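Everything quoted here is computed from the prediction, not taken from an experiment.
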Amino acid sequence: MPPTDRAQANAIRALAMDAVEAANSGHPGMPMGMADAATALFTRHLKFDAADPRWPDRDRFILSAGHGSMLIYALLYLTGYARPTLDDIRNFRKLGSPCAGHPENFELPGVEVTTGPLGQGLAMAVGMAIAERHLNAAYGDELVDHRTFVIAGDGDLMEGVNHEAAGLAGHLRLGRLIVLWDDNEITIDGSTELSRTEDVGARHAAMGWHVNACDGLDSDDVDRAIGEALADPRPSLIRCKTIIGFGAPNVQGTSATHGAALGKAEVECARAELGLEPTEFTVPDDVMAAWREAGGRGASLRKEWRQRLDASDRMAEFTARLDSPPSADWLQPHIEALLADPKPVATRKASEMALEAINPAIPSTIGGSADLTGSNNTKTKNLQPLTAENYAGRYIYYGIREFGMAAAMNGMALHGGVIPYGGTFMVFTDYCRPAIRLSALQRAKVIYVMTHDSIGLGEDGPTHQPIEHLQSLRAMPGLEVYRPADAVETAECWALALASVGPSVLALTRQNLAPVRSEALSENLCARGAYRVRSAGAARKVIILATGSEVEIALGAAAELEAQGIGADVVSMPCTERFDAQDADYREEILPDVSNRQILRVSVEAGSTFGWERYTGLHGLRIGIDRFGVSAPAKDAYEFFGLTPAAVAARVLDHLEQREIA
Ligand SMILES: Cc1ncc(C[n+]2csc(CCOP(=O)(O)OP(=O)(O)O)c2C)c(N)n1
Ligand SMILES: [Mg+2]
């Protein structure tokens with residue numbers, strides 16, 4: 001007789017308890033509560049093949065309640081993925097184990113996205129479901145026909161981003177998104193009664209979701225509820241009634257099981273209660289065999305899919321879209337056209353001009369904006385809206401959902417086959433920031449088009465004028481922040497963002513900027529992160545480093561200094577991260593390692609000066625804005641903050657004078 005579903009679920013419970021016990025750290029409650037539901041999903045519904053975790057047409061499974069990471073590690077091990085091994089699980093939460101505290105997509109194939117920051121897993125799943133429908137519209141059921149399943153906890157559904165993500169999913173009628181809610185009525189502080197009275201189901205129903213319920217501890221009932229969800233054309237929320245820590249007789253149903261080892265004595269009680277093997281990390285042979293069979297359940301489906309791909313006349317295109325970097329052929333002709341007709345242009349407009357070349361050349365881009373399409377210049381002429389009626393569209397009206405947009409873009413990027421870019425105002429990177437951080441951590445190729453990047457946006461004033469944003473984003477590991485100075489640099493930065501494996505932010509102006517570059521070169525100068533746009537005429541006494549809109553001001557200041565016999569270089573620094581990655585010779589060439597007494601280094605950026613001493617040195621001069629902005633026309637705001645060629649030149653002269661006296 002094959003083992004019961006409960007016996008299979010108990011193998012998850014045993015591994016979760018034992019791993020948390022061994023680490024003396026982790027979250028046993030969630031995996032123990034949802035083990036039966038997960039068993040129903042993995043043995044009866046989820047389309048996957050443990051032998052090929054990257055099969056493009058697999059269903060995506062996202063453990064949004066990432067603290068319950070032992071649930072997914074146990075499932076991957078039991079179903080026969082190459083990793084984690086049992087040793088990996090024994091070393092749960094220890095240095096070097098891929099079974100990290102929270103699931104990390106870069107540690108284990110089979111972990112689709114990094115989760116832990118509550119709410120974001122579900123929001124990324126929305127992006128995955130969008131990508132699936134979009135690719136299905138392009139390639140048909142033959143090649144793209146899968147679903148996105150999520151396990152989410154009370155916390156995932158309380159987070160603000162859930163409202164954005166669920167609203168978007170309902171609006172786009174993402175019927176292939178199915179969320180199993182671990183409705184255990186417990187969070188860390190205790191009962192959900194402490195903090196929640198809303199009817200979560202009714203809220204989702206109001207957002208256009210199908211909502212049903214089941215006994216989450218009864219795999220047959222979960223199976224029934226999943227069946228209903230599969231049959232419904234709307235996104236589904238399945239309320240799985242569970243008991244946190246189920247099986248630990250003295251503590252189940254309490255927050256004590258949420259995030260701490262149960263303790264040796266309670267683990268022994270649970271073993272007796274659940275009828276588990278007496279030795280830790282042991283799975284009975286028949287149970288293991290049943291799990292391994294479940295892990296191979298999708299093998300024949302995968303082979304059939306492979307045959308359809310081999311037979312498809314679109315195979316080369318499909319695989320290239322998934323695996324190859326996008327074409328860069330658009331760049332040179334585009335730059336030549338810009339140089340042939342030089343004129344002042346805002347870099348947000350220059351970005352649109354670049355996109356007019358990019359979008360026809362790269363069919364995998366999906367653009368969008370959080371209700372600022374006309375301001376972010378993200379929609380090009382050839383893009384149709386992606387809607388519930390037309391998933392083939394390539395432009396998403398995300399609505400005023402910055403965080404939801406950013407998280408969805410992470411999901412799309414990690415699904416594969418699409419390159420998402422989306423816009424809002426630079427100041428609202430703060431609204432996206434938790435998702436930008438996950439883009440960086442996960443190496444998700446998402447391109448953030450952040451316009452209105454300084455006081456240069458003018459009249460909207462301090463609430464809308466970014467100050468600390470550029471530097472705070474530069475502080476984030478794994479994120480490339482680009483601030484181009486003109487249309488040519490904007491195109492180059494777009495090319496770099498598209499070629500990158502990770503995320504990029506493009507900081508773009510509202511106001512027009514004069515062209516900085518006039519020569520066609522075969523090299524992408526922005527790739528170096530910083531380069532000289534003007535060499536000193538007289539003996540070099542000053543190097544002015546500037547980014548974006550301030551390059552023009554730096555050039556004007558340099559001209560004034562030269563008129564007084566002071567040689568000044570101007571360096572455009574569109575991407576500090578890239579400059580830092582250059583070899584020592586190049587960095588020395590641009591910023592010679594001499595004292596500020598020999599050559600004064602000056603930074604000019606219309607934002608926080610915090611951190612610019614990295615390039616100017618402590619005794620250099622940092623010109624920027626270390627307070628909130630002002631509500632005024634851009635020109636007046638720039639004058640008010642001393643960001644004009646004359647004011648910058650005067651500050652430099654003053655600094656040179658004082659230093660000479662000293
Ligand atoms: C954004 C965010 N805030 C806080 C936390 C810390 N945290 C982890 S789990 C948790 C409670 C979640 O409750 P629930 O989803 O019901 O999980 P359960 O206790 O039922 O396992 C909290 C607050 C987090 N991981 N992410
Ligand atoms: Mg809970």
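- Salt bridge Arg306/Asp310: present, at least one basic N to carboxylate O contact under 4.0 Å.
- Between Tyr139 and Phe318, the ring centre distance stays below 6.0 Å.
- Within a 6.0 Å radius of NZ in Lys94, more than 12 heavy atoms belonging to other residues, nucleotides or ligands are found.
- With no hydrogens or angles considered, a side-chain donor-acceptor pair links Ser439 and Tyr448 at under 3.5 Å.
- The two residues Ala50 and Pro53 come nearest to each other via the heavy atoms O-CD, 3.8 Å.
- A donor and an acceptor atom, one from each side chain of His415 and His146, are located under 3.5 Å apart.
- Across every non-hydrogen atom of Ala35 and Leu71, the tightest pair is CA-CD1, 4.4 Å.
- There is a side-chain donor-acceptor pair under 3.5 Å between Thr365 and Arg394.
- Residues His163 and His204 place their aromatic rings such that the two centres sit no closer than 6.0 Å.
- Side-chain N/O atoms of Ser25 and Arg93 include a donor and acceptor closer than 3.5 Å.
- Aromatic ring centres of His67 and His102 lie farther apart than the 6.0 Å criterion allows.
- Residues Leu63 and Met30 have side chains in contact (heavy-atom distance under 4.5 Å, counting atoms from C-beta outward).
- Cation-pi geometry between Arg54 and Phe48 is not met at under 6.0 angstrom from the ring centre and within 45 degrees of the axis.
- The two residues Val418 and Ala131 come nearest to each other via the heavy atoms CG2-CB, 4.1 Å.
- Within 6.0 Å of CZ on Arg321 lie more than 12 heavy atoms contributed by other residues, nucleotides or ligands.
- A donor-acceptor pair shorter than 3.5 Å can be found between the side chains of Asp223 and His45.
- Within a 6.0 Å sphere centred on CD of Glu293, heavy atoms belonging to other residues, nucleotides or ligands number 12 at most.
- In the model, Asp154 has no side-chain atom that pairs as donor or acceptor with a side-chain atom of Thr187 under 3.5 Å.
- In this structure, Arg60 contributes its side chain and Thr148 its backbone to no donor-acceptor pair below 3.5 Å.
- Annotation: side chain of Leu168 is in contact with side chain of Arg401 (closest heavy-atom distance under 4.5 Å).
- A 6.0 Å sphere centred on CD of Glu198 holds more than 12 heavy atoms belonging to other residues, nucleotides or ligands.
- The 12-atom threshold is not exceeded at CG of Asp285, counting heavy atoms of other residues, nucleotides or ligands nearer than 6.0 Å.
- The side-chain heavy atoms of Ile243 and Asn184, taken from C-beta on, include no pair separated by under 4.5 Å.
- Each of Asp182, Asp156, Thr115 was scored for a side-chain hydrogen bond (donor to acceptor under 3.5 Å, both in side chains) with Ser64, with one residue passing: Asp156.
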